[in-house]
There are 2 protein chains.
Amino acid sequence: MSSSQQPVFKALADPTRRAILKRLQEGSATAGAIADSFPISRPSLSHHFNILKAADLVRTERRGQHIVYSLNATVLQEALAMLLDIFSPGDSLQEKDKE
Amino acid sequence: MSSSQQPVFKALADPTRRAILKRLQEGSATAGAIADSFPISRPSLSHHFNILKAADLVRTERRGQHIVYSLNATVLQEALAMLLDIFSPGDSLQEKDKE
DNA sequence: TATATATTTAGGCAAACCTCTAAATAATTG
DNA sequence: CAATTATTTAGAGGTTTGCCTAAATATATA
């Protein structure tokens, strides 16, 4: 587990993507529904979705002509554990391998 | 407290800067000492320090001709709390204002 | 099948990012 | 004060990012 975290931190660096994650935390939603909440074009949103997917922060499921996005809490948790580790090593939520 | 978190997440997006933070967790260090641990030029390191300082993730103190960098755990903690909030709102380390 | 709706891909452009070398600033030492 | 050491600032080059419009793909429906 715990692949490279670079894509995760890269994904978290953009405020729009953090907002998408926060929105997704309230519940899964279709690409269109999410796009309606943001003042940028659908293609731009789609681009952000790709980055979030690459980081495995979100999962997708096709439902008819819609695509439903949902949060993948596990990866977020791992990024969190890594930050915790910087803050105070050996005090993570769950034990992790020493590298 | 808790200014804009954009600079913090921006700062965390770069692997070199995360490594610097991790290094600093082990203890404060001079710019040169840190630079010796990384395979990039001192000016590039200095640039990363600037970004970490802008995010208030590190503090500096001049000691003679050296400049000592140290970790500012508080800001890291706040970023952490924000991630925790995405992951499961209302379950943060410390209570925060509702917006 | 033709049309409408939902989403993504392609291509382009300006701004930001990371790196470098060279030069400048700050403090110490002879 | 001149020379040395530590660090930063300046400026440039190449890559990546984030946004857009236009076009393509996928599914549903008349």
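The figures that follow rest on heavy atoms only: side chains count, while hydrogens, waters and symmetry mates do not. Protein chains get the first letters and strands the later ones, always in sequence-line order, with residue 1 at the start of each. Only a predicted model underlies this, so the values are computations on that prediction, with no experimental measurement involved.
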Q: Side-chain N or O of H48(A) less than 4.0 angstrom from OP1 or OP2 on dT17(D)?
A: no
Q: Honestly curious: do V68(B) and L24(B) fall in one hydrophobic cluster under the side-chain, below-4.5 Å linking rule?
A: no
Q: Can you work out whether K10(A) or I67(B) has the more 5'-proximal nearest nucleotide on DNA chain D?
A: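 Here I67(B) is the residue nearer the 5' end.
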Q: Without decimals, in angstroms, what is the distance between Q6(A) CD and dC18(C) C1'?
A: 12 Å
Q: When every nucleotide of nucleotides 25-30 of chain C is labelled 5' to 3' by its protein contacts under 4.0 Å (heavy atoms), B for base, S for sugar-phosphate only, - for none, what sequence of letters results?
A: -SSS--
Q: CD1 of I20(A) versus C1' of dC19(D): gap in Å, rounded?
A: 14 Å
Q: Rounding to an integer number of Å, can you tell me how far I40(A) CD1 sits from dT7(C) C1'?
A: 14 Å
Q: Between dT8(D) and Y69(B), is there an OP1 or OP2 to side-chain N/O distance shorter than 4.0 Å?
A: yes
Q: Before you tell me yes or no, could you show the steps for Q6(A) and R18(B) under side-chain contact (heavy atoms from CB on, under 4.5 Å), namely the whole-Å CA-CA distance, both residues' side-chain angles and the distance that decides it to 0.1 Å?
A: CA-CA 10 Å; Q6(A) 181 57 13; R18(B) 290 198 301 277; 2.8 Å; yes
Q: Using 0.5 Å steps for rounding, measure from the NE2 atom of H48(A) to the CD1 atom of I20(A).
A: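 Output value for this atom pair is 6.0 Å.
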Q: dT7(D) phosphate, OP1 or OP2: any side-chain N/O from T30(B) under 4.0 angstrom?
A: yes
Q: In whole Å, I'd like the distance from the CZ atom of F38(A) to the C1' atom of dG18(D).
A: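 F38(A) atom CZ is separated from dG18(D) atom C1' by 15 Å.
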Q: In Å and rounded to the nearest 0.5 Å, what is the OG1 to CZ distance from T16(A) to R23(A)?
A: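 The CZ atom of R23(A) is 14.0 Å from OG1 of T16(A), to the nearest 0.5 Å.
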Q: Give the C-alpha distance, both sets of side-chain angles, the deciding distance and a yes or no for side-chain contact (heavy atoms from CB on, under 4.5 Å) between I34(A) and F49(A).
A: CA-CA 10 Å; I34(A) 296 170; F49(A) 289 147; 3.9 Å; yes
Q: Tell me the interatomic distance from D14(A), atom CG, to dA15(C), atom C1', rounded to whole angstroms.
A: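 Taking CG of D14(A) and C1' of dA15(C), I get 14 Å after rounding.
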Q: According to a hydrophobic-cluster definition based on side-chain heavy atoms being under 4.5 Å apart (Ile, Leu, Val, Met, Phe, Trp, Tyr only), do F38(A) and L52(A) belong together?
A: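 In one cluster with F38(A): L52(A), yes.
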Q: So, are R59(A) and E61(A) salt-bridged, with charged N and O less than 4.0 Å apart?
A: no
Q: Mind calculating the distance between CD1 (I51(B)) and C1' (dA16(C)) to the nearest angstrom?
A: 10 Å
Q: Could you give the distance from CG (L71(B)) to CG (L76(B)), rounded to the nearest 0.5 Å?
A: 6.0 Å
Q: Can you measure D36(B) atom CG to dT5(D) atom P for me and round it to whole angstrom units?
A: 14 Å
Q: Out of curiosity, does F9(B) fall in the hydrophobic cluster containing I51(A) (side-chain heavy atoms, cut-off under 4.5 Å, transitive links)?
A: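 Different clusters.
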Q: Does S41(B) put a side-chain nitrogen or oxygen below 4.0 Å from OP1 or OP2 of dC20(C)?
A: yes
Q: Check nucleotides 9-13 of chain D for protein N or O atoms closer than 3.5 Å to its own N or O atoms and list the pairs.
A:
{"unit_1": "dT9(D)", "atom_1": "OP2", "unit_2": "N50(B)", "atom_2": "ND2", "d": "3.3"}

